[in-house]
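Here the structure is a predicted model, which is why all the values come from computation and not from measurement.
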Amino acid sequence: MTRALQIVIVGGGSAGWMSAAAFARALHPQRYRITLIESDEIGTVGVGEATLPHIKAFNDQLGIDEAQFMRETRATFKLGIEFRNWGQPGDRYIHPFGVFGEPWGGVDFQHHWLRARQLGGAVAPFQEYSYAIAACRRNAFEFPTADRKSIRSTYAYAYHFDAGLYADFLRRWAIGRGVQRVEGQVRDVVLDASGAIESLAMQSGARIEGDFFIDCTGFRSLLLGSKLGVQWEDWSAWLPCDRALAVPCERAGEFTPYTRSTAQTGGWIWRIPLQHRTGNGYVFSSRFVSEEQARLTLLSQLGGAALGEPRLLRFRPGRRVQAWKRNCVAVGLASGFLEPLESTSIFLIQAAVSDLSMLMPTPEQGRAVDPRLADEFNRLSDIQYARVRDFLILHYCANRRRGEALWDYVREMPLPETLVHKVGLFEARGHVPYYKDGLFSRDSWLAVLFGQGMMPRAYDRLADNVSVEQLERRMRELHERIASNAAAMPSHADFVARYCAEAQIRSVPGECVDAMNIKAANAVANEARLTRANAVAS
């Protein structure tokens with residue numbers, strides 16, 4: 001019988017433990033052995049506490065109980081991201097985790113909205129045709145319904161959570177399913193005659209051999225970058241922010257089911273509501289604002305008392321030109337970094353782990369990796385990073401802030417050809433190309449394009465097949481249906497308190513937790529069903 005393939009993950013944090021947990025779930029335990037090396041002396045970056053809806057699918061695949069996970073990570077729900085002052089000072093819009101309107105006659109909703117607007121009818125702002133946005137503006141939350149015909153099924157949700165607690169949660173989960181954790185630091189990476197990684201020399205003097213290595217060592221990229229020499233592709237010409245200051249504060253103000261991003265002179269400030277505190281940070285460009293100026297700006301805009309001094313992180317936006325080389329794959333910051341404007345860091349880890357699970361070498365191959373597997377993984381990785389990059393750049397280049405050095409620069413800079421094509425097509429006819437692979441749907445692009453004041457010159461002429469009377473009636477009915485159903489939703493604060501509040505388990509014995517999870521989930525589900533039954537029919 002062929003011996004098991006030895007997978008060695010170097011580095012913990014979200015990248016390391018998401019990798020370990022996913023492999024422990026997906027790979028046969030008799031054919032794969034998983035070891036994770038981490039050191040308590042090496043800190044993790046951990047500035048990102050906001051996620052995308054894909055993380056729910058990841059947790060569900062692991063079989064994680066949602067309410068327990070949310071309690072242990074102090075999590076809250078997230079329906080989107082609010083952007084303030086990004087178009088010009090005073091502007092606000094929300095990028096929702098849901099759709100805008102409905103397609104009528106096979107034509108996307110934005111074309112009907114543009115036509116109604118051009119006809120001069122009483123059409124509401126584009127943002128008001130999203131159910132997720134309506135919920136955000138009411139600080140409301142409930143689970144989406146499974147009825148695809150209901151307006152209450154037209155959104156998804158993600159989480160805000162403490163990233164360090166999430167890594168701890170996954171560590172316990174993975175170790176409980178056979179992952180071996182080794183405490184210590186890597187002193188040297190040893191290659192075999194073919195140039196593949198053979199083993200790791202530890203500072204303790206131990207030697208850890210492996211067949212396949214996952215580099216989760218953060219910006220150091222100890223294996224892929226430092227040892228295997230894979231170069232960094234710098235994207236700072238398009239994304240000039242290169243610093244972040246992060247600081248938590250006491251919980252205060254609105255308990256929002258969304259992240260907030262507020263544009264500033266030198267970058268932007270995030271606000272992330274957790275159960276026990278609020279996460280804050282200032283992502284900025286050192287070319288346009290000093291670290292001290294950024295620190296003072298951040299501290300002046302906290303909603304509550306700071307729970308420490310702001311922590312500085314320096315970074316370069318970009319990625320490794322290969323995420324997989326020989327028998328080593330980089331995941332997380334070791335592979336690339338794109339600022340947390342759209343909460344993509346954990347998604348990029350998840351996408352890499354998912355692709356790698358499908359392309360993992362077999363035990364029979366050992367270190368002799370089929371290069372076609374690496375080529376396919378790198379192709380998929382390239383797509384993910386490029387599509388996220390273009391979406392982030394859009395937020396900057398579409399600004400209308402005048403007389404500010406950073407914002408003038410990003411508005412006038414040359415853009416990637418892929419983004420030029422996408423923006424040009426929208427401006428000409430209101431179309432947003434859809435691609436099978438890569439992150440961010442049509443509705444995500446529409447949120448930013450319309451939200452920052454861009455307006456197409458024309459709409460899809462197929463929209464003219466809907467009569468004016470029918471168009472006006474449908475627009476009015478849709479607007480009313482969204483507003484009335486959103487008004488029936490419970491508040492985000494009440495929902496979290498009943499479903500997953502951390503305080504519920506502070507004095508509860510461990511054997512009672514599962515029962516409480518079930519009881520809390522059933523109570524919320526029953527109340528949600530009653531609310532829907534009493535709401536205006538959707």
Could you give me the CA-CA distance, side-chain angles and deciding distance for Leu114 and Met455, then say whether side-chain contact (heavy atoms from CB on, under 4.5 Å) is met? CA-CA 9 Å; Leu114 287 166; Met455 198 63 61; 3.7 Å; yes
For atom CD of Glu417, is the number of surrounding heavy atoms from other residues, nucleotides or ligands below 6.0 Å larger than 12? no
Lys78 and Thr256: side chain donor to acceptor below 3.5 Å: no
Considering all heavy atoms of both residues, which atom of Val468 and which atom of Arg115 are nearest to each other, and what is their separation? CG2-NH2, 3.7 Å
Trace of the salt bridge (charged side-chain N to carboxylate O under 4.0 Å, His left out) decision for Asp382 with Arg379: CA-CA 5 Å; Asp382 290 350; Arg379 183 187 73 84; over 6 Å; no
Which heavy atom of Arg400 sits nearest a heavy atom of Gly453, and at what distance? NH2-CA, 3.9 Å
Criterion side chain to side chain contact (heavy atoms under 4.5 Å, CB included) against Asn280, the qualifying member of Leu298, Leu245, Leu307, Ile272: Leu298
Whether the Tyr459 and Asp108 side chains hold a donor-acceptor pair (N or O, under 3.5 Å, no angle test) is what I'd like checked. no
Trp445 versus Tyr434, side-chain donor and acceptor atoms under 3.5 Å: no
Determine whether the side chains of Asn485 and Arg152 contain a donor N or O and an acceptor N or O closer than 3.5 Å. yes
Filter on side-chain hydrogen bond (donor to acceptor under 3.5 Å, both in side chains), then keep only pairs touching residues 92-105, sequence neighbours left out; what's left? Tyr93-Gln452, His95-Glu342, His95-Ser444, Glu102-Trp104, Glu102-Arg481
Please identify each residue that fulfils side-chain hydrogen bond (donor to acceptor under 3.5 Å, both in side chains) with Thr73, with sequence neighbours left out. none
Do any pairs count as a side-chain hydrogen bond (donor to acceptor under 3.5 Å, both in side chains) and have a residue in residues 126-137, sequence neighbours left out, and if so which ones? Glu128-His479
Aromatic plane relationship, Phe77 with Tyr159 - under 30° parallel, 30 to 60° tilted, over 60° perpendicular: tilted
What's the separation between atom CG in Leu359 and atom OG in Ser354, rounded to the nearest 0.5 Å? 9.5 Å
For His54, the option from Phe97, Phe347, Tyr157 that meets ring pair (Phe, Tyr, Trp, His ring centres under 6.0 Å): Phe347
Can a cation-pi geometry be assigned to Arg260 and Trp270, taking NZ or CZ under 6.0 Å from the six-membered ring centre and within 45° of the ring axis? no
Assign the ring pair Trp113 / Phe450 to parallel, tilted or perpendicular, where the plane angle (0 to 90°) is split at 30° and 60°. perpendicular
Looking only at side-chain N and O atoms, does Asp390 offer a donor or acceptor that is under 3.5 Å from a partner on Thr418? yes
Which distance, rounded to the nearest 0.5 Å, do you find between the CD of Glu72 and the CD of Gln68? 4.5 Å
dist Arg473:CZ -> Leu478:CG (nearest 0.5 Å) comes out at 11.5 Å
Closest contact, heavy atoms only, Cys249 versus Gly304: CB-O, 3.5 Å
Quick one: does Arg138's side chain have a donor or acceptor within less than 3.5 Å of a partner on Ala134's backbone? no
Only counting residues at least two apart or in another chain, list the ones meeting side chain to side chain contact (heavy atoms under 4.5 Å, CB included) with Asp355. Met358, Phe377, Leu380
Let me see the working for Ile64 and Leu170 under side-chain contact (heavy atoms from CB on, under 4.5 Å), right down to the final yes or no. CA-CA 10 Å; Ile64 288 174; Leu170 291 181; 4.0 Å; yes
Could you tell me how the ring of Trp268 sits relative to the ring of Trp86: parallel (under 30°), tilted (30 to 60°) or perpendicular (over 60°)? tilted
Taking only residues two or more places apart in sequence, or in another chain, which ones meet Thr51 in a side-chain hydrogen bond (donor to acceptor under 3.5 Å, both in side chains)? none
For Glu254, does the CD atom have more than 12 heavy-atom neighbours from other residues, nucleotides or ligands under 6.0 Å away? no
Looking only at heavy atoms, what is the nearest atom pair of Thr259 and Ala50, with distance? OG1-CB, 3.6 Å
Test Asp168 against Arg172 for salt bridge (charged side-chain N to carboxylate O under 4.0 Å, His left out), laying out the working first. CA-CA 6 Å; Asp168 291 342; Arg172 297 191 301 273; 5.5 Å; no
Could you go through Arg277 and Glu49, starting from their C-alpha distance and side-chain angles, then the distance that decides it, and tell me whether this counts as salt bridge (charged side-chain N to carboxylate O under 4.0 Å, His left out)? CA-CA 12 Å; Arg277 60 176 170 82; Glu49 296 169 326; 2.8 Å; yes
Is it true that Tyr166 and Phe161 have ring centroids separated by less than 6.0 Å? yes
Spell out, as yes or no, whether a donor-acceptor pair under 3.5 Å connects the side chain of Arg411 to the backbone of Arg401. yes
Would you please indicate if the ring centroids of Phe83 and His395 are separated by under 6.0 Å? yes
Return yes if some donor-acceptor pair links the side-chain N/O of Ser150 with the main-chain N/O of Asp147 below 3.5 Å, else return no. no
Residue pairs meeting salt bridge (Lys or Arg N to Asp or Glu O under 4.0 Å), one or both in residues 15-26, sequence neighbours left out, come to none
Arg84 vs Glu82, test: salt bridge (charged side-chain N to carboxylate O under 4.0 Å, His left out). Steps then yes/no. CA-CA 7 Å; Arg84 294 187 174 185; Glu82 182 189 51; 3.0 Å; yes
For residues Tyr396 and Trp407, establish whether the separation of their ring centroids is below 6.0 Å. yes
Please determine, by modelled atom types, if Tyr499 and Glu66 share a side-chain donor-acceptor pair under 3.5 angstrom. yes
Would you find a donor on one side and an acceptor on the other, under 3.5 Å apart, between the side chain of Asp443 and the backbone of Phe100? yes
Return the minimal non-hydrogen interatomic distance between Gln275 and Cys500, and the atom names on each side. NE2-O, 3.0 Å
Here's one to test your reading of the geometry: is the NZ or CZ of Arg177 within 45 degrees of the ring axis of Trp173 and under 6.0 Å from its centre? yes
Would you say the rings of Tyr385 and Phe337 are close, in the sense that their centroids are separated by under 6.0 Å? no
Contact summary for Pro490 and Phe495, nearest pair of heavy atoms: CG-CD1, 4.0 Å
Spatial distance of atom CD1 (Ile349) from atom OG (Ser19) [nearest 0.5 Å]: 7.5 Å
Identified side chain to side chain contact (heavy atoms under 4.5 Å, CB included) counterpart of Tyr258 within the set Asn139, Thr76, Ile133: Asn139
